[in-house]
4 protein chains.
Amino acid sequence: MVRKKQGDKENAIIEAAVKVFSQKSYHGSTTSEIAKEAGVAEGTIFRYFRTKKDILSKILIKVIESYAQTVVVDSLREFLTNYKDSNANEKEVIKALLRERLKVIEANLPLVKILFTEIQFHPDLRKVWVEKVVRPSMDVAVAYIEKKKKEGKIKAEVNAEVATRSFVGMVFFMVLSKLMLYEKLDLSLSESGELDQIVDILFEGIAARTIKG
Amino acid sequence: MVRKKQGDKENAIIEAAVKVFSQKSYHGSTTSEIAKEAGVAEGTIFRYFRTKKDILSKILIKVIESYAQTVVVDSLREFLTNYKDSNANEKEVIKALLRERLKVIEANLPLVKILFTEIQFHPDLRKVWVEKVVRPSMDVAVAYIEKKKKEGKIKAEVNAEVATRSFVGMVFFMVLSKLMLYEKLDLSLSESGELDQIVDILFEGIAARTIKG
Amino acid sequence: MVRKKQGDKENAIIEAAVKVFSQKSYHGSTTSEIAKEAGVAEGTIFRYFRTKKDILSKILIKVIESYAQTVVVDSLREFLTNYKDSNANEKEVIKALLRERLKVIEANLPLVKILFTEIQFHPDLRKVWVEKVVRPSMDVAVAYIEKKKKEGKIKAEVNAEVATRSFVGMVFFMVLSKLMLYEKLDLSLSESGELDQIVDILFEGIAARTIKG
Amino acid sequence: MVRKKQGDKENAIIEAAVKVFSQKSYHGSTTSEIAKEAGVAEGTIFRYFRTKKDILSKILIKVIESYAQTVVVDSLREFLTNYKDSNANEKEVIKALLRERLKVIEANLPLVKILFTEIQFHPDLRKVWVEKVVRPSMDVAVAYIEKKKKEGKIKAEVNAEVATRSFVGMVFFMVLSKLMLYEKLDLSLSESGELDQIVDILFEGIAARTIKG
DNA sequence: GATGAATGAGTGTTCATTCAT
DNA sequence: GATGAATGAACACTCATTCAT
């Protein structure tokens, strides 16, 4: 029922839809709920979006494009930049990268929830996500790891794809756990020590260094 | 459309619902679709389940109880049993455990998908899941890790909860990736080398052992 | 609001739709009006008809098929049969034919109204009408007239198609006038003297026979 | 989408509405379609017409008044005028009259279509049509025929009303057939030989003059 | 017990009409 | 005057649920 300042109806609807979709899922939400939440009449929604599905698509395309930009293009640059600070080692680079990335995720938690839920049920949107974000990200990550393997910083026997997916899984699940267990993300992930611990595990594992090596 | 043998209607409905829910989400599915898939009349559904929601609840309660049994109770026993084969080291125990666990997951992929999707939107079911599975599992895992820390097999500085969640995250995401990227899980996860690699990363990390140690 | 005996819901809906469509036109009618008129719930309509348009199509296809049978096939037979009563002259045959045809039209006036109104706006239905009724009827009529021309009963200079259309137009317009002017067709067309007069005009015209011949 | 010259908005809207109504029927048309067709904003329509129905009313009232003038008043004068060319016989007068009338109809085919369609569903408009056009026209026609009967030019037994309606029906149906069968009226009716044939049938009928008379 | 026809509240969507600019 | 964004009642259609058979 929040009155938005004029001209921004489309945004108000998008924001309302993000909120409602993330709470009730796409199919569990009603255009009338979205309208109420956006503070507009139900008919107004259809001046901005042809169908309900169109709202979802526009939301997800937006996220995907924003991710495609920040994750793929920008993180590449970041890698290279940090590289120049050559005394920062790989772990520190990854930690910094992760911290920054989690800030974005934290700021858009409902969007992330919608993304991971709805992508399962809308193959058209999943396709875009995979092509624009998953594959390019994986390429960047794999290239990075391969380079580090050549530099002797990462074990030669590590499979770059598996390592990448493991890392993303750790992070993703951390976010998911907090999201589902604590309902609200009171403890800021990006500032939690957990983040550092995850990267430590990724790099050094949990096993004690026995004298066996 | 599958005709079930007499008396098994409830099961036929459950199986049909699992299939349909996993493909279209709970709210995206229709009781008429479920009936058709189960080979029963729509009305029949409501002789076995008071409401549509009740089908979902019964499905998830079943999964949860099965998991509560196998994961929490049985895996504890397994830990202790393997323990006796004392020449099997920790990594091997975990790998065996994981392999066995993934077999179960693979056999119930649609159920897992429903679980992780719907639990977000049904707080009542989420509560049961967390209390019956998540917390007890975490307790077992943490206890195991703490013991191993005392035995000097796992680094003292490792946080048991974080390590557990990291591991679950790696595995969960592996499953998820295959599920979403390749649509069908042709490559058996439980037999893939990826599984071993994940456990290796968990225990030893990806970083090359420099002479720093 | 008329309660129909069980099993006949589809017919009740068709009848209700015929009534409502004929009073308000297809686009001016509401499925809820039709439901009310048929004495069923609105949802029931859609158990029998996929869409609102489907009701119209089924109605018109029914009329068209019934006309195709009675007008085209049966009237041909009637022509030939009456022919055998060879002392009945052409005018009497046509009058009898027309009288019988008008009875059918009178019994289905709302249907006729729907037919002539909606066929203008639904090209798919118009196509069926023209192909199944208009063209075959015209063929029969033209063949009849041509034969009569050869027999010296009809003027050689008469164009068969024009004559047919003129006759149909006279009759059609008579029906239309009564329909629109008197709202209800209290005076039975099929029994009115007007019918005979029309056929007289068709055959002998209105001009007085001057001695010019 | 046609931009109209300033000041002519009302006419632009009327013309657009005539086009759209004739293609989709009154209830099947949208004010937004009319606005687009007229090249004005949707709101503008409602500066010139209180309601959508008001557009239809104004269109039909216009037609009706124009017909009332041309058909009733002017054709009467024409009859009398032609009368003076006393060597033109009745058939020639009617043919000339019809030719001229059909030119008007051809130039306003969409209007005619709207008139005959919508008049069925709008009793208020039908009333005006009948009172201003149908009845007065009928009166003129009947008076003419009665006079011709007295002059011995038309058979005494002809019913003037029936004859008039028959004639109008022939013409009306000729127009309708072309309209519906050939979609576009490529062949000009007013110049087609069909017109003469119709008048010939009206006056002399189709029956061959046997020696029986 | 099993059925599936029937229901009607509820859904996404349309559209004539209003009104601030 | 003209606009077109905004409205919300009304629409065609869906679906979980009931119940007579």
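Scope of the values below: all heavy atoms of this structure, side chains included, with no hydrogens, waters or symmetry mates.
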Could you check how far NZ of D/Lys53 sits from P of E/dT17, rounded to whole Å? 11 Å
Let's test this: given Watson-Crick or G-U wobble pairing with both distances under 3.5 Å, identify the partner of F/dG4. E/dC19
SB check D/Lys36 D/Glu42 (cutoff 4.0 Å): no
Test ring-ring contact (aromatic ring centres under 6.0 Å, His included) applied to C/His27 - qualifying residues, sequence neighbours left out: none
In sequence, state the C-alpha distance, the side-chain angles, and the governing distance for A/Glu10 and A/Arg47, and then conclude on salt bridge (charged side-chain N to carboxylate O under 4.0 Å, His left out). CA-CA 9 Å; A/Glu10 179 164 350; A/Arg47 290 191 63 75; over 6 Å; no
Here the distance between atom C1' of E/dA6 and atom CZ of C/Phe49, to the nearest Å, is 15 Å
Write down the distance between CD1 (B/Ile34) and P (F/dA16), rounded to a whole number of angstrom. 8 Å
Whole Å only: how far is the NZ atom of D/Lys9 from the P atom of F/dG1? 11 Å
Could you check how far CD of A/Glu33 sits from P of E/dT13, rounded to whole Å? 15 Å
Charged N to carboxylate O below 4.0 Å: is that the case for A/Glu118 and A/Arg126? no
Would you mind reading off the distance between A/Ile45 atom CD1 and F/dA5 atom C1', rounded to a whole angstrom? 15 Å
Between the protein and nucleotides 14-16 of chain E, list every N/O to N/O distance that falls short of 3.5 Å.
unit_1	atom_1	unit_2	atom_2	d
E/dA16	OP1	D/Ser29	O	3.2
E/dA16	OP1	D/Lys52	NZ	3.3
E/dA16	OP2	D/Thr31	N	2.6
E/dA16	OP2	D/Thr31	OG1	2.6

Can you check whether C/Tyr48 has a side-chain N or O nearer than 4.0 Å to OP1 or OP2 of E/dA5? no
In whole angstroms, how far is the C1' atom of F/dG4 from the NZ atom of D/Lys36? 13 Å
What is the separation between atom CD1 on B/Ile13 and atom P on F/dT17, rounded to the nearest whole Å? 14 Å
In short, D/Lys52 meets D/Tyr26 closest at the heavy-atom pair NZ-O, 3.0 Å
Can C/Lys53 and C/Leu125 be said to form a side chain to side chain contact (heavy atoms under 4.5 Å, CB included), step by step? CA-CA 11 Å; C/Lys53 173 78 188 273; C/Leu125 299 172; 4.2 Å; yes
